[in-house]
Amino acid sequence: MSTALRRWVLAIGAAGLGALLVGAFAALPDFGTGAHPYGDRATSESLARHTANVVSAVNFDQRAFDTLGEESILFAAVLGTVVLLRQTRDEDRVPPGSARVDPWVRRYALALLPVALVTGLYVVAHGQLSPGGGFQGGVIAATAVHLLYIGADYRALERIRPMGLYEVGDAIGEAGYLLVGVVGLLAGTSFLANTLPHGTFNTLASGGTVPLLNAAVGIEVACAVVVLVSRFLDQAVEITDDAKSGKDGAR
């Protein structure tokens, strides 16, 4: 394909996309009015499936397939990071040494760690009821684990961070989302259809498949962030060139 032909293909595609966007914008309600057709429909569907948090209903029910794509992007990014930052033949792993931490920093980090961890788990568990969910809660929980690195040292973090377990958890979260989607196919409807009993409104068990998908995302995000941060910390703390390993120690 010549350069000129490629430009024509690009121009035709851009013109078609532009025409669709103009048509879509023209059909939108006037700015500042009280008409919100999509919001009204989303709220109605959310209440019909006993999901108090409309945002979670959109993410894990009405547009659950889109959320699968977002989760898979993070999964692929972590997988790529693990492959790219793996220890190579010209690198050596040096055990990290102890480091002095200011007493006030230590007290603050260690006191905040359990609070942040419980907060993260709470946000995940109540994602179908209140603002938050698996993505937000997973990041909070993963951040809580790394407060031990700030409050103590890298060796203390390694003792509570078995990487193999977190890597398996990352895969389980991704696979769990897919398995819940298969339930819809087995029920004779469609992939990721909300086919489970909706439960009692405004309870942890309400929303059908919403809490299950939300929990799967929470597990995947929390484990993925821990694995992601660990690879960069390994490069900064433990991994060094063979030529330097005998001279410089990790701190």
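These numbers come from the heavy atoms of this one structure, side chains and all, not from hydrogens, waters or symmetry mates. Predicted model, so just to flag it, every value in this text is computed and none were measured.
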request  = Working to the nearest 0.5 Å, report the span between CG of L147 and CG of L110.
outcome  =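 So the CG of L147 and the CG of L110 are separated by 8.5 Å.
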
When you measure from the side chain of [X] to the backbone of [Y], do you find a donor-acceptor pair of N or O atoms at a distance under 3.5 Å?
X    : Y    : result
T119 : V115 : yes
N53  : Q128 : no
S46  : T51  : yes
Q62  : A42  : yes

query = What residues, two or more places apart in sequence or in another chain, satisfy salt bridge (Lys or Arg N to Asp or Glu O under 4.0 Å) together with R107?
reply =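 Per chain and number, R107 pairs via salt bridge (Lys or Arg N to Asp or Glu O under 4.0 Å) with no residue.
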
inquiry  = Once salt bridge (Lys or Arg N to Asp or Glu O under 4.0 Å) is applied, do any residues pair with E71, and if so which ones, sequence neighbours excluded?
reply    =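 E71: no salt bridge (Lys or Arg N to Asp or Glu O under 4.0 Å) contacts found.
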
Minimum heavy-atom distance between [X] and [Y], given as atom pair plus value:
X    : Y    : value
D234 : R161 : OD1-NH2, 4.0 Å
A116 : A144 : CB-CB, 3.6 Å
I140 : V123 : CD1-CG2, 4.3 Å

Say whether [X] and [Y] are linked into one hydrophobic cluster, either directly or through other cluster members, by side-chain heavy-atom distances under 4.5 angstrom.
X    : Y    : result
L85  : V229 : yes
L121 : V139 : no
Y166 : L113 : yes
L79  : L84  : no
L148 : L233 : yes

request  = Would you check if V58 and Y38 make a side-chain contact, meaning some heavy-atom pair closer than 4.5 Å?
outcome  =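 Yes, their side chains come closer than 4.5 Å.
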
query = If you look only at pairs with a residue in residues 44-58, which of them pass as a salt bridge (charged side-chain N to carboxylate O under 4.0 Å, His left out), with sequence neighbours excluded?
reply =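 The answer is E45-R49, R49-D61.
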
key: Pairs where residues 163-172 contributes a residue and the test salt bridge (charged side-chain N to carboxylate O under 4.0 Å, His left out) is met, not counting sequence neighbours   =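 Matches after skipping sequence neighbours: E167-R231.
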
query = Where do I160 and V145 land on the side-chain contact (heavy atoms from CB on, under 4.5 Å) test, with the steps shown first?
reply = CA-CA 8 Å; I160 68 163; V145 172; 4.1 Å; yes

key: Evaluation steps, side-chain contact (heavy atoms from CB on, under 4.5 Å), between T67 and F60   = CA-CA 7 Å; T67 303; F60 302 113; 3.8 Å; yes

Validation: residues 195-206 side-chain donor-acceptor distances under 3.5 Å, sequence neighbours left out:
{"from": "T203", "atom 1": "OG1", "to": "T200", "atom 2": "O", "distance (Å)": "2.6"}
{"from": "S206", "atom 1": "OG", "to": "H50", "atom 2": "O", "distance (Å)": "3.3"}
{"from": "S206", "atom 1": "OG", "to": "T203", "atom 2": "O", "distance (Å)": "2.6"}

inquiry  = Applying side chain to side chain donor-acceptor pair (under 3.5 Å) as the test, list every pair that has at least one member in residues 20-29; sequence neighbours left out.
reply    =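 The answer is none; no pair qualifies.
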
Indicate every side-chain donor-acceptor pair of residues 212-225 with a distance under 3.5 Å to a residue at least two apart or in another chain.
{"from": "N214", "atom 1": "OD1", "to": "G134", "atom 2": "N", "distance (Å)": "2.6"}
{"from": "N214", "atom 1": "ND2", "to": "V124", "atom 2": "O", "distance (Å)": "2.4"}

Which atom pairs, donor and acceptor, lie under 3.5 Å between side-chain atoms of residues 173-187 and protein residues at least two apart or in another chain?
{"from": "E174", "atom 1": "OE2", "to": "S72", "atom 2": "OG", "distance (Å)": "2.8"}
{"from": "Y177", "atom 1": "OH", "to": "A64", "atom 2": "O", "distance (Å)": "2.7"}

query = Does a sphere of radius 6.0 Å around CZ in R106 hold more than 12 heavy atoms from other residues, nucleotides or ligands, not counting ones at 6.0 Å or beyond?
reply =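 Yes, the 6.0 Å shell around CZ holds more than 12 heavy atoms from other groups.
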
message = Tell me whether the count of non-hydrogen atoms from other residues, nucleotides or ligands lying under 6.0 Å of OH in Y108 goes above 12.
response =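 No, the 6.0 Å shell around OH holds no more than 12 heavy atoms from other groups.
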
task = Using side-chain hydrogen bond (donor to acceptor under 3.5 Å, both in side chains) as the criterion, list what pairs up with S230, not counting sequence neighbours.
result =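 With sequence neighbours excluded, S230 shows a side-chain hydrogen bond (donor to acceptor under 3.5 Å, both in side chains) to no residue whatsoever.
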
Give the table of side-chain donor-acceptor pairs shorter than 3.5 Å for residues 3-13, with sequence neighbours excluded, one pair per line with atom names and distance.
none

Hydrophobic cluster of V168, others only, ordered by chain and residue number, side-chain cut-off 4.5 Å =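 V168 clusters with I172.
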
query = What pairs of residues pass the ring-ring contact (aromatic ring centres under 6.0 Å, His included) test when at least one of them lies in residues 113-146, not counting sequence neighbours?
reply =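 Only Y122-H126 qualify under ring-ring contact (aromatic ring centres under 6.0 Å, His included).
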
